[in-house]
Amino acid sequence: MDRYNHRDVEKKWQSYWREHQSYAVSDQQDGKENYYQLVEFPYPSGNLHVGHWYAFAVPDIRARYLRARGKNVLFPIGFDAFGLPAENAAIKHGINPRTWTYENMDYMRTQIDSMGTSFDRSREVVTCDPEYYRWTQWIFLELYKNNLVNYSTTEANWCPKCKTVLANEQVIDGHCERCDSVVEKKQMKQWQFRITEYADRLIDDLDDLDWPEEIKASQKNWIGRSEGAEIDFSIVGSERKITVFTTRPDTLYGVTYMVLAPEHQLVTELAEMISNADAVEEYKKVSAKKSEIERTNNTKEKTGVRLEGVEAINPISGEKIPVFVADYVLAGYGTGAVMAVPAHDERDHAFARKYNLPIREVIEGNVAHADVNSGVGRLCNSGDCDGMDSQAAKVVLTEKAGGRMTKTYRLRDWGVSRQRYWGVPIPMIHCDDPACGTVPVPEDQLPVVLPDVEDYLPNDEGQSPLSKKEDFVKVPCPQCGKDAKRETDTLDTFVCSSWYFLRYSDPRNETAFASEDKIKNWMPVDHYSGGSEHTTMHVLYSRFIHKALYDLGHVTTPEPYRVRMNRSLILGPDGNKMSKSKGNIIDPDSIVESLGADTMRLYLAFIGPFNSVSAYPWNPESIIGVRKFIERVWKLGAKVEKSHDDTKEADKALHACLKGVTESIDALKCNTGVAALMTCVNVLEKQQQLSVAQYGMLAQMMAPYAPHIAQEMWSEVCEEEGVISDVTWPALEEGLLMEDQIELVIQVNGKVRDKVMVDVGQADDVLERIARDSEKIKKHIEGKEVRKVIVIKGRMVNIVAV
RNA sequence: GCCUCGGUGGCGGAACUGGUAGACGCGUUGGACUCAAAAUCCAAUUGUAGCAAUACAGUGAGAGUUCGAGUCUCUCCCGAGGCACCA
């Protein structure tokens, strides 16, 4: 038999599968249960890297396996095709982003084919196709009509040199990624999705999901719910009040001053009362400047300025207390104002020491520390609440102070406006007539098609390049018919990827983003794997969109993903993350060329559990070992004899392997499945001959991992019919795994002292007799008193002797 | 600081509901084949001592529960990830 030629074999079967559309999935198949296995769709960067391979190949193993186990498996792929790199290429090299993107996708499709994945390519979705983004726009309008979209002035990252708005990921340590100038904040009118409306449900509904704790915890941290109270403090000589948020209303008696964030409205509103207005203005300026860089990585030195002439009243004690501005209080969190309790809060403590403010202990023995949420202890110096339990006091004192229990979140509303060209046009129209204002594009005018432009640079005000395209901007108002202007911002690409998994269920639907039938048929996703970097953004955003669609009756479940897991990471051979600058990139194409796609797949499966938090360094020697294994499997083909009867030893090895492979793929620990295959092959190699059935069974078990060689073994060596991944998975014959004899482990005081072969199924007292009769054991229990004997059926005897 | 997940040979990793720690692979060492090398095959490979049988130690550290702990409980150390002047 010839040396295994992966180049010919892989090409041959890839074109066979393509021509026969072997992996197209129908919505229903008789007697088969539907299963939806999802992987994150790639950005069409132009090249598939090892990370993509890992992300696609291992779930493909699972998809193929599940198909063989009789499931009707939806395993789709597409492209997350809008986004910055295309636009950067356009600006830098003058290439049309559309051309760039579509050419990249063409090339990446051939790369994906070279992996031997079983993706259903007929269901491909591409987010920059108008047929797709028409529905992205439709979803935007649905949210808008149902009061889930805001249009308001918010801060954007602004690079004064590039004159452009930057996404958060383009801001590196407060500097512009491209030109390194210091990034400023610019106030712009922008669109936001009201994800904060869903904050509680996004946390609480996690309880019902069977997800790894780590992912749930990340989402909860990101949302950052904090329970406490809002309390109003009146101001001496003013109608206005300072409202604070606190998690520790039980410490109200310990409030000795108050702090407003420099950006707080009251600082301006109380201007006429403030006698040191100049100093306050100066402080505001200084902190605004340092907000971007210093505030994040500064020392914890607290600064602030007292508002001279302003005094607040502690609602519980009636005491008059001073008010400060200080930038250790953030405008964007809570109410932007705090009641300071220096005795029980580290930051307030530091500030009070610096400015000589009174520190009054109100919780016994509970000194200032950051863990303000713990709140255990008893009250003191708190009037008639002395001795009260901290937890109980929270409710009592909040009520007494006229406050209300409330919750605050770290999560902000989701700003979806991007002042960019290569994205989904936001389907809104601005009419000058105040009676109209912002008007949604009527549904029958969707999609708002992204026009071609000549110039991809934003204008000097930082508006999208679309704003320069007059025939795009100018449009009659859908309400009054007068001249109006189109919105020129485009949508954050996370909006596009927040619903793509729904489109896979019904990808060519022209009357809805997907029909209710199809959604019901496939959703929720049974298994979703992806990168941990998407835990807080993409996964959270898509859960929100899905919940909103659920509330509006467009989808049938409140959650989109039954199981979500994060895949592990493949590092470069040097143990670092693969990167051009480190020169440690492994190019999958050249591995496919030299060792074959099957080798690559098997290697990635073998490297370690798919869903662990670990990162695995690429080992060039180890992958050659995997290739050798493939050669050995192929060589076994020479032992196949048509007339040969199945031998017991080979069958036993095959069924032990079947058990191992089955269990390992079920748990997505494909590494132990590969180990089982190797163990099996080690035994098969010792056989003189193998039957067709035996080699065929090996081919079937190889098929999820290494579909090409498996198909070749199946079709060419065994001369069997059909696509191997569709052939029913072999049934386990437990009987074959039964042994006549077992190795009985004999312990004395928990230490292994002897091992003897004994017939299976013997009674406990017989096993104990055998143990006591062992010469080695006798030596160990000689002269000792046997206190107890534990017999574990069919496994071991432990003699306790003192 | 808070939350989550981890820590097992030279390396990646196995070990089911507590029951032989180190499966499988890589690497290393020795051997066969060869004029030689590559490839292939065979054998060994947790450490210490011993020719060996074997003995002792051993899953980050320490305690505990148990006949028996990598696995369960507690305390601590280290690493990774998420959040963080968040009131």
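What you are looking at is a predicted structure, and each value in this text was computed from that prediction instead of being measured.
Between B/G25, B/C83, B/G19, one nucleotide has an atom nearer to the side chain of A/Trp222 than all others, and that is B/C83. Side-chain proximity of A/Glu743 to the nucleotides B/G19, B/A55, B/U20 is greatest for B/U20. Out of B/U4, B/G19, B/G25, the shortest distance to the side chain of A/Ile790 is found at B/G19.
A/Arg404 and A/Thr398 make their closest contact through N-CG2, 3.6 Å (heavy atoms, listed as atom of the first residue, atom of the second, distance).
Separation of the C1' atoms belonging to B/U20 and B/G68 is 12 Å when rounded to the nearest angstrom. Remark: the separation of the C1' atoms in B/C51 and B/U65 is 44 Å, to the nearest Å. Comparing the P positions of B/C77 and B/U66 gives a spacing of 28 Å, expressed to the nearest Å. Distance check on atom C1': B/C3 versus B/G22 gives 33 Å, rounded to whole Å.
By the 6.0 Å and 45° rule, A/Lys302 stacks over the aromatic ring of A/Tyr328.
Residue A/His349 has no polar side-chain atom (N or O) positioned under 4.0 Å from OP1 or OP2 of B/A87. When the side-chain nitrogen and oxygen atoms of A/Tyr328 are compared with OP1 and OP2 of B/A87, none of them lie within a distance under 4.0 Å. Residue A/Arg410 has no polar side-chain atom (N or O) positioned under 4.0 Å from OP1 or OP2 of B/C83. Between A/Lys220 and B/G82 there is no side-chain polar atom (N or O) within less than 4.0 angstrom of OP1 or OP2. The phosphate of B/C86 has OP1 or OP2 within less than 4.0 Å of a side-chain N or O from A/Arg347.
Remark: the A/Gln747 side chain and the B/U20 base include no donor-acceptor N/O pair separated by less than 3.5 Å. For A/Asn221 against B/C83, no side-chain N or O and base N or O form a donor-acceptor pair under 3.5 Å. Below the 3.5 angstrom threshold, one finds a donor paired with an acceptor across the side chain of A/Lys302 and the base of B/C85.
If you take CZ of A/Arg787 and P of B/C67, they are 11 Å apart, rounded to a whole angstrom.
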Protein heavy-atom contacts under 4.0 Å, written 5' to 3' over nucleotides 6-17 of chain B as B (base), S (sugar-phosphate only) or - (none), form the string ------BSSSB-
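Taken residue by residue, residues 751-765 of chain A places heavy atoms nearer than 4.0 Å to RNA chain B at A/Lys751, A/Val752, A/Arg753, A/Lys755.
Using modelled atom types, one side-chain atom of A/Asn584 and one backbone atom of A/Ser579 make a donor-acceptor pair closer than 3.5 Å.
For the residue pair A/Asn619 and A/Tyr603, no side-chain donor N or O sits within less than 3.5 Å of a side-chain acceptor on the partner.
Partners of A/Met738 by side-chain contact (heavy atoms from CB on, under 4.5 Å), not counting sequence neighbours: none found.
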